[in-house]
Number of protein chains: 2
Amino acid sequence: MTTDNTNSDITEFSNPMDAVRPDDLRLEKFLPYRLSVLSNRVSNAIADAYSARFDLTIPAWRVMAILGRFPNLSAADLVEQTAMDKVAISRAVSILIKNDYITRSEDLADRRRQVLNLSDLGRDVYERIVPLAQQYENDLMGSLSADERSQLDSIIEKLMARAQDWANRGLID
Amino acid sequence: MTTDNTNSDITEFSNPMDAVRPDDLRLEKFLPYRLSVLSNRVSNAIADAYSARFDLTIPAWRVMAILGRFPNLSAADLVEQTAMDKVAISRAVSILIKNDYITRSEDLADRRRQVLNLSDLGRDVYERIVPLAQQYENDLMGSLSADERSQLDSIIEKLMARAQDWANRGLID
DNA sequence: TGGAAGTGGTTACATTTGAAACCAATTTTA
DNA sequence: TAAAATTGGTTTCAAATGTAACCACTTCCA
């Protein structure tokens, strides 16, 4: 930092020069904000690790991750599982097909649907990325105790359920 | 849902038709992924509530929120506090100045720096958005017990510290 | 049956975003 | 003290994203 009235760390924000206003939003304790910063830091770090090596975008990797675990899904199924946009899925799928990472086959029972799967090459890549991703997650989880890890799990479930409610009903107000 | 091998809810993923592979990445339990979905859901819901009324983007509102609490920051300070991109800050700042929501003044000690503050109008808007944002946060936090809230607080601190380490040192591997 | 309505998926267009190049001011260092 | 390196901030351009319109197929229902 370069001047008196700034701080190198958010935890030092109570420097007297800062003239914190008591009724203000304490952004550094504001959950939506903290979630966003944390999530971006984590996702970007991981994406850096695989995007260069395998030429995958985040949405594309997500599609692979789901298909690796649950074969024979359609694009619509992916939309539902990932909460990603329909168009984002469509684009990710077409990139992945171009790269020969996934295959697409017609569903004869419903000729609008297209059934997606990892190709052999795709599964190969998938199996190389998975440990990488897990390494990051382990490192992250390693900063928590076993208790904290299980607390976090159930807390996320609750928050997710509440946020999901917002999306369903017409928001709060 | 439309077919046998899909599920309407991520918690139902263990349908026998799904042929889950034991060593695969369990994306629905993968922390980076869950954080991303949760964070996007929350931020978008809140943004919907203020963007229409005040014509603010998420980055712009963030800048206002920080400046409302900590006056006299430069763009670089904002980058550091928010973990947002430099360019995103620059654009948010120029929009906010155009809207007369913030002011920009030269730092005479270092003429590269520009000191930013909420304008009177900006503070006005800020003070109207803050309760709105808090309403959402309260609703979200309302889904947790007091214990869980304090657990979450310290868990986030730990995760953030670890993710911050990644950014500092050259990642994990 | 045969249209209206619904669903799966893609395309088109406008907006947002990010990386890299850039300018200007400052600090370093030889 | 002058060139080199660094820092604050903006612009440029390409890529990513979201909304809406759209086509093809299927389902519903008279």
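Reminder, nothing fancy here: chain letters follow the sequence lines and each chain counts from 1.
Between B:Arg113 and B:Asp77 a salt bridge is recorded (basic side-chain N to carboxylate O distance below 4.0 Å).
You'll find the side chain of A:Arg128 reaches within 4.5 Å of the side chain of A:Phe54, heavy atoms only.
Closest approach to the B:Ala76 side chain among C:dT11, D:dG8, C:dG8 is made by D:dG8 (side chain taken as heavy atoms from C-beta onward). Checking D:dG8, D:dT10, C:dT10 against every side-chain atom of B:Arg112, the shortest atom distance belongs to D:dG8. When distances run from any side-chain atom of B:Arg111 to the nucleotides C:dT26, D:dT10, D:dC25, the shortest one goes to C:dT26.
The interatomic distance linking B:Asn44 (CG) with C:dT16 (C1') rounds to 13 Å, in whole Å. Regarding A:Leu78, its CG atom lies at a distance of 12 Å from the P atom of C:dG8, rounded to whole Å. In this structure, CD1 of A:Ile89 is placed 16 Å from P of C:dT11, rounded to the nearest angstrom. Computed from coordinates, the A:Ile95 CD1 to C:dG9 C1' distance equals 16 Å when rounded to whole Å. Rounded to whole Å, atom P of D:dA16 lies 13 Å from atom CG of A:Leu96.
With sequence neighbours excluded, the residues forming a ring-ring contact (aromatic ring centres under 6.0 Å, His included) with A:Tyr50 are A:Trp61, listed by chain and number. Take B:Ser39 and apply the side chain to side chain donor-acceptor pair (under 3.5 Å) test, not counting sequence neighbours, and it matches no residue. With sequence neighbours left out, the side chain to side chain donor-acceptor pair (under 3.5 Å) criterion links A:Arg112 to A:Asp110. Listed by chain and number, the residues in a side chain to side chain donor-acceptor pair (under 3.5 Å) with A:Ser43 amount to none (sequence neighbours excluded). B:Arg34 is linked by a salt bridge (charged side-chain N to carboxylate O under 4.0 Å, His left out) to A:Asp153, A:Glu157, counting only residues two or more places apart in sequence or in another chain.
Rounded to 10 degrees, the angle separating the terminal axes of the helix from C:dT1-D:dA30 to C:dA30-D:dT1 is 20°, with each axis obtained from five end pairs.
In this structure, A:Ser74 does not reach the C:dG8 phosphate: none of its side-chain N or O atoms is under 4.0 Å from OP1 or OP2.
Pairs of residues two or more places apart, or lying in two chains, that qualify as side chain to side chain donor-acceptor pair (under 3.5 Å) and include a residue from residues 95-104 of chain B are B:Arg104-B:Gln114.
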I'd like a list of close polar pairs between nucleotides 17-21 of chain D and the protein, N/O only, cut-off under 3.5 Å.
from: D:dG18; atom 1: N7; to: A:Arg91; atom 2: NH2; distance (Å): 2.7
from: D:dG18; atom 1: O6; to: A:Arg91; atom 2: NH1; distance (Å): 3.0
from: D:dG18; atom 1: O6; to: A:Arg91; atom 2: NH2; distance (Å): 3.3

May I have the list of side-chain donor-acceptor pairs in residues 142-152 of chain B shorter than 3.5 Å, sequence neighbours left out?
from: B:Ser143; atom 1: OG; to: B:Leu140; atom 2: O; distance (Å): 2.7
from: B:Ser145; atom 1: OG; to: B:Glu148; atom 2: N; distance (Å): 3.1
from: B:Ser145; atom 1: OG; to: B:Glu148; atom 2: OE1; distance (Å): 3.4
from: B:Glu148; atom 1: OE1; to: A:Lys158; atom 2: NZ; distance (Å): 3.2
from: B:Glu148; atom 1: OE1; to: B:Ser145; atom 2: N; distance (Å): 2.9
from: B:Glu148; atom 1: OE2; to: A:Lys158; atom 2: NZ; distance (Å): 2.7
from: B:Arg149; atom 1: NH1; to: B:Met141; atom 2: O; distance (Å): 2.8
from: B:Arg149; atom 1: NH1; to: B:Leu144; atom 2: O; distance (Å): 2.8
from: B:Ser150; atom 1: OG; to: B:Asp147; atom 2: O; distance (Å): 3.2

